[in-house]
Amino acid sequence: MPLSASEPYDLAVIGAGSAGLAGAVTAGELGLSVALLDTSAHTGGQFYRTPAPALGAVRPEALHHDWSAYADLRRRLAQSDVRHLPGHHVWSVTKDDEAADVWSVHAVTGADGGGERPVRVRCRAVLLATGAYERQLPFPGWTLPGVVGAGGAQAMLKSGLVLPGRRVVVAGSGPLLLAVASSLAAAGARVPAVVEASGYLRYARHPRALVTNPHKAAEALVHGAALLWHRVRVRLRSAVTEVHGTDRVEAVTVMRLDRDWRPVQGTGRRIDCDALAVGHGLVPQVDLATALGCATRPLPDGTRALALDGVQETSVRSLWAAGETGGVGGAQLARIEGELAAVAAAARLLGRPAHAGRVRELQRRRDRMRAFAEVMTAAHAPGPGWARRLPDDTDVCRCEEVTAGRIREAVEDLGARDARTVKLLTRAGMGWCQGRMCGPAVACLMARDQAVEPLAERRPFAAPVPLSALAALDDPVVNEPGGDADAPGGPSETTSEPDAAPDADG
């Protein structure tokens, strides 16, 4: 805790997933006062979602891989002085005082950000561990009830112990599909097929990345064995090109794809199902950082990640990042990056050198895993052909019901050359998700036969926020060192006096 109510925390960690937990507990153990903010009521992020206690799950760890690592982080958090602030939706980070190097983390509280009081947490440094969100590429019928994200299906199972259907096709691209399919099958769902748009031969072109990351091969073998046991067929270089049904999913059409992801005519096959879990990888959630001017780097799959230095610091001083914000690489890599960022932040804030041996070891492990993550991203990058096969009447922006035809018209007939102009002409990206769902698809449709230009994630607010929170920004703030951090929405939960009388995941 800060030494007094007027003192800022040393470090605010945004996101309590693998990266944020590792960073928070490491920083606390090194002597920093730490506030850990997260939208969820529980730690663990998306990867370690756990059922609500009321569901009475006897062995929640059975739904997870590498549970012992999370259990260790949770134990260390309980034994630390880290201030855990659940139910805090961070919508902005601002610099209070350039000379004093003090930041303000602005959040709203409650299950959906609708709590009574906005909160401001002052700190000397920030660690962003906000994770990623799922990428969706539209196709005819993808808005029917029964079509869910692949990650969403896994979240339903982990947190609610429910299945999206009895007979579930899993489709898209990326290693997440294997994990989702094996989890659904183990939970009792019938999985007729896993439909992977890419292949796995591209991994073989990078033998060094494979040899130096044997745990990744072990994970693949575990999932593969589970799929064999449950007789789940894996269809490579194929895609769901259409969903059939009236009130909900009744079947899907699966077609073979060429190297550019264009359907091969005459290869269509109908598969009966009552649900489709689909996803094409993850997109780093970097909007808090880019709003502050942090530099980004393009990834091989057409998305952007934060550009970080050797100790996880962004291009903005005293702002570190860890986990999927720097590129999607999994929970183990996220934990290593969170620890490395915390060690570097502690060294600077406490004015003493970091343990060189520890830093070198963390960097060595990070670089090895990050190399594999880059290979994985490139192997499952969407091919340009998928956008060309999309019918004009297919909804791309679900929030505003903007079709592929309207986006093509904005580009080809009205001269739009960037996402902002497309948004102004069509309203694509103006809805509740603010382009997170449709942004990647819009970028691909704009590119046509050119290379996809990653969208610039520059949003003034990272989460919905009431006008009362904005009106209270100039109110005085004093950090509150006491209180019960496990009572979401109550006055004692906040780390600062309310700005007005009152998403983050790794």
Side-chain angles (χ1 to χ4, degrees), residues 1-3 7-37 43 45 66 68-84 101-103 123-130 212-215 289 294 305-327 329-373 506:
M1 295 295 178
L3 294 177
E7 286 294 313
Y9 285 90
D10 291 321
L11 180 68
V13 181
I14 304 174
S18 296
L21 271 178
V25 298
T26 300
E29 290 164 356
L30 291 173
L32 298 186
S33 59
V34 182
L36 173 62
L37 301 89
T43 61
D66 204 11
S68 60
Y70 170 58
D72 178 64
L73 288 174
R74 194 168 57 175
R75 174 188 57 80
R76 291 165 62 190
L77 177 66
Q79 295 173 351
S80 74
D81 291 329
V82 173
R83 185 76 186 283
H84 176 215
D101 222 19
V102 175
W103 299 85
C123 56
R124 298 168 59 201
V126 178
L127 170 56
L128 295 173
T130 48
T212 56
N213 290 276
H215 63 285
C294 293
L306 293 180
L308 306 173
D309 69 8
V311 290
Q312 302 298 125
E313 192 171 17
T314 70
S315 59
V316 175
R317 181 178 170 82
S318 299
L319 186 64
W320 280 268
E324 317 290 47
T325 53
Q332 187 174 354
L333 174 58
R335 291 193 296 270
I336 291 171
E337 291 184 341
E339 181 178 349
L340 178 58
V343 170
R348 179 177 299 169
L349 295 173
L350 298 176
R352 62 193 187 202
H355 190 286
R358 183 180 186 183
V359 170
R360 283 195 300 269
E361 173 61 17
L362 290 171
Q363 289 175 328
R364 183 186 66 81
R365 295 167 62 193
R366 177 203 58 192
D367 293 345
R368 184 186 72 223
M369 294 184 192
R370 181 56 67 189
F372 182 87

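Note that this is a predicted model, so its numbers are computed, not measured.
A pairwise comparison of heavy atoms in Leu340 and Gly310 identifies CD2-O, 3.6 Å as the closest pair. The two residues Val34 and Gly28 make their nearest non-hydrogen contact at CG2-N, 3.9 Å. Heavy-atom minimum distance, Leu319 versus Cys294: CD2-SG, 3.3 Å. Contact record, Ala342 with Ala27: CB-N, 3.7 Å, taken as the closest heavy-atom pair. Gly323 approaches Glu337 most closely through the heavy-atom pair N-OE1, 2.9 Å. In this structure, Gly329 and Ala373 approach most closely via the heavy-atom pair CA-CB, 3.8 Å.
The main-chain N or O of Trp103 is never found under 3.5 Å from a side-chain atom of Arg124 such that the two would form a donor-acceptor pair. Within the 3.5 Å criterion, the main-chain N or O of Thr43 finds a donor-acceptor partner in the side chain of Tyr70. Side chain of Arg370 to backbone of Gly327: a donor-acceptor contact under 3.5 angstrom is found.
Note that the CG atom of Leu333 and the OG atom of Ser18 stand 10.0 Å from one another [nearest 0.5 Å]. Considering OG1 of Thr212 and CZ of Phe372, their distance stands at 9.0 Å, rounded to 0.5 Å.
When the side-chain contact (heavy atoms from CB on, under 4.5 Å) test is applied to His215, the partners found at least two apart in sequence or on another chain are Asn213, Glu219, Gln332, Met369. With sequence neighbours left out, the side-chain contact (heavy atoms from CB on, under 4.5 Å) criterion links Ala12 to Leu37, Val105, Cys123. By the salt bridge (charged side-chain N to carboxylate O under 4.0 Å, His left out) test, Asp72 is found to be paired with Arg75, Arg76, residues two or more places apart in sequence or in another chain being considered. Partners of Arg348 by salt bridge (charged side-chain N to carboxylate O under 4.0 Å, His left out), not counting sequence neighbours, listed by chain and number: Glu313. Annotation: side-chain hydrogen bond (donor to acceptor under 3.5 Å, both in side chains) contacts of Gln363 (sequence neighbours excluded): none. Under the side-chain contact (heavy atoms from CB on, under 4.5 Å) criterion, Arg365 pairs with Ile336, Glu361, Leu362, Arg368, sequence neighbours left out. With sequence neighbours excluded, no residue forms a side-chain hydrogen bond (donor to acceptor under 3.5 Å, both in side chains) with Ser80. With sequence neighbours left out, the side-chain hydrogen bond (donor to acceptor under 3.5 Å, both in side chains) criterion links Arg358 to Glu339. Listed by chain and residue number, Leu128, Leu306, Leu308, Thr314, Thr325 satisfy the side-chain contact (heavy atoms from CB on, under 4.5 Å) test with Ala321 (two or more places apart in sequence, or in another chain).
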Pair Leu36-Val25, side chain to side chain contact (heavy atoms under 4.5 Å, CB included): steps then yes or no: CA-CA 9 Å; Leu36 173 62; Val25 298; over 6 Å; no

Derivation and outcome, side chain to side chain contact (heavy atoms under 4.5 Å, CB included), residues Ile14 and Leu127: CA-CA 6 Å; Ile14 304 174; Leu127 170 56; over 6 Å; no

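Legend: salt bridge (charged side-chain N to carboxylate O under 4.0 Å, His left out) pairs involving residues 14-27, not counting sequence neighbours: none detected.
Taking 4.5 Å as the limit, every side-chain heavy atom of Arg74 sits out of range of all side-chain heavy atoms of Leu21.
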